[in-house]
Every structure is written in C-alpha cells, then in structure tokens.
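Okay, structure first, notes after.
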Amino acid sequence: GENVEQHPSTLSVQEGDSAVIKCTYSDSASNYFPWYKQELGKRPQLIIDIRSNVGEKKDQRIAVTLNKTAKHFSLHITETQPEDSAVYFCAAKLMNSGYSTLTFGKGTMLLVSP
Amino acid sequence: NAGVMQNPRHLVRRRGQEARLRCSPMKGHSHVYWYRQLPEEGLKFMVYLQKENIIDESGMPKERFSAEFPKEGPSILRIQQVVRGDSAAYFCASSPPSNEQYFGPGTRLTVT
C-alpha cells in the first residue's frame with residue numbers, strides 16, 4: 001500500500017517568513033496529492049491539491065510542487081501570518097480508483113510568531 | 001449546501017458501553033470515509049463506504065467496530081464495549097466522484 005512520510009514534524013517561523021513542508025510517497029501510481037490545514041480542535045480543511053499531470057499549482061500565498069520522478073511534493077507558504085499557525089497534513093491517493101483511499105502523512109505543526 | 005455533518009460532537013461513554021457516531025455527507029456525495037485521530041497524531045483511515053456497501057475496511061479493528069451507510073439516513077460508526085484506548089476524535093469525510101474529500105467537524109469520544 002501507499003506510505004507517506006512528512007517533514008518536519010514541527011516548524012517555527014517568524015511572521016513574514018516562508019515555510020516549506022515536504023512529503024514523500026511510495027506508490028508511483030498515486031496521482032492526487034491534497035494538503036489539509038487543521039486548526040486546534042477543528043476539522044481538517046482542504047487548502048490546495050495537485051494532480052500528477054502538473055508540476056506546480058499556486059493559490060495566493062500557498063503553492064504546491066510535485067516531483068513525480070523523485071516521488072515527493074511540497075507545500076510552500078509565503079509571507080506567513082499568525083493565522084497560518086495550524087497542523088498541516090499531506091496525503092496521496094490514486095484518483096478514480098473506487099478501491100483506493102487517502103493516505104495521510106503524520107502532520108506538521110506550523111507556528112508563526114508575530 | 002450544508003457541509004458534512006457529524007453528531008454528536010462530544011460523546012462520553014463508560015468502559016463497556018456502546019458508542020454510535022453519525023455522519024451525514026454533503027449533498028450529492030455518495031462516498032463516506034471514517035478516520036480516527038489520536039491526540040497530536042495524524043489521521044488514520046478506518047473504513048470507506050458507498051451507499052449500502054463497504055468498499056474498504058482495512059483500517060478498522062476486526063472486533064468491536066462496525067460501520068454502515070444505509071440507503072436512507074446517515075453513515076454510522078459503531079463501537080461496542082468501548083475501552084479507554086478508543087478515546088479519540090473520529091472524523092468523517094465525504095466526496096463526490098471527483099475524489100476531493102471534505103471533512104466533518106468530528107466526534108470527540110471520551111471513555112471513562
């Protein structure tokens with residue numbers, strides 16, 4: 001099955017700095033990679049996703065890059081703000097397969113200090 | 001369009017009792033997934049259901065746990081004879097055929 005590794009487990013940055021979270025996956029057939037943000041005591045929320053037919057996707061201050069050859073993908077947050085503080089989870093899935101599910105990384109706790 | 005609904009939001013059970021967790025998917029979503037999250041840990045897949053069918057239950061313990069998604073009504077995750085180790089947040093997610101999963105607010109189960 002799929003195995004997703006996520007690093008670092010915790011990340012502290014100053015407001016305005018950039019933050020990068022990296023994930024690797026094991027199943028080369030996986031082709032859908034979402035990122036979720038979970039604030040304390042709340043539900044995970046989908047913030048961005050990427051499919052394997054593209055190498056990069058950007059949405060305002062967040063971007064995701066995918067390297068299919070190396071089987072890794074990364075979340076980039078620029079100009080971080082205190083409200084970005086949360087736990088971020090990456091995941092991998094084989095899309096359009098009725099018998100596949102999301103495999104999550106263990107999460108990265110991001111702390112943005114003002 | 002209401003989001004994924006879960007109830008109850010908090011559930012306290014004594015050891016040995018049964019816990020029933022409910023999940024109503026978003027309108028138009030026919031796929032439901034259940035995950036367990038222990039404190040300061042990631043999301044562990046438990047079971048994936050479509051209407052009236054269990055598609056993948058590889059993450060669910062073989063004993064005491066069961067799940068259903070009937071033709072009418074919410075999906076139910078049932079835990080019989082709860083133990084302290086069952087204390088966790090249980091999240092349900094639903095998805096349309098395009099596969100993006102949207103999470104409910106979770107049920108926080110505490111076993112005393």
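In what follows, every chain begins at residue 1, and chains take the letters A, B, ... in the order their sequences are listed. All values below were derived from every heavy atom in this structure, side-chain atoms included, with hydrogens, water molecules and symmetry-related copies excluded.
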Would you say [Y] ends up clustered with [X] if hydrophobic residues are merged whenever their side chains have heavy atoms under 4.5 Å apart, either directly or through other cluster members?
{"X": "A/L46", "Y": "A/V64", "answer": "no"}
{"X": "B/M46", "Y": "B/I54", "answer": "yes"}
{"X": "A/L11", "Y": "A/F73", "answer": "yes"}
{"X": "B/W34", "Y": "B/V4", "answer": "no"}
{"X": "B/Y48", "Y": "B/F65", "answer": "no"}

| note | Interface check, chain A: of B/F45, B/F103, B/Y102, B/F91, most non-hydrogen pairs under 4.5 Å belong to B/F103
Heavy-atom neighbours of [X] [atom1] exceed 12 at 6.0 Å:
{"X": "B/Q17", "atom1": "CD", "result": "yes"}
{"X": "B/R15", "atom1": "CZ", "result": "no"}
{"X": "B/K51", "atom1": "NZ", "result": "yes"}

| remark: Of all heavy-atom pairs linking A/D49 and B/E100, the shortest is OD2-CG, 3.6 Å
| query | For the residue pair B/G104 and A/R43, what are the closest heavy atoms and their distance? | reply | O-CB, 3.1 Å
| request: Go through the atoms of A/Q45 and report whether side chain, backbone, both or neither lie under 4.5 Å from a heavy atom of chain B. | output: neither
| remark: Bottom line for A/K42: the part with an atom under 4.5 Å from chain B's heavy atoms is backbone
| So A/K93 and B/Q101, side-chain contact (heavy atoms from CB on, under 4.5 Å) or not? Walk me through it. | CA-CA 11 Å; A/K93 178 177 179 171; B/Q101 291 186 23; 4.1 Å; yes
| message | Can you tell me which of A/G105, A/P44, A/G107 forms the most heavy-atom pairs within a distance under 4.5 Å of chain B? | response | A/P44
| message | Let's test your reading of the structure: which of A/S9, A/A91, A/G41, A/P34 forms the most heavy-atom pairs below 4.5 Å with chain B? | response | A/G41
| message | Are B/Q37 and A/F104 packed together at the side-chain level, in the sense that at least one heavy-atom pair is separated by less than 4.5 angstrom? | response | no
| note | Cut-off 4.5 Å, heavy atoms of chain A, and the answer for B/Q6 is neither
| Once you round to the nearest 0.5 Å, how far does CG of A/L102 lie from OH of B/Y35? | 4.5 Å
| query | From B/K44 NZ over to A/T103 OG1, what is the distance, rounded to the nearest 0.5 angstrom? | reply | 10.0 Å
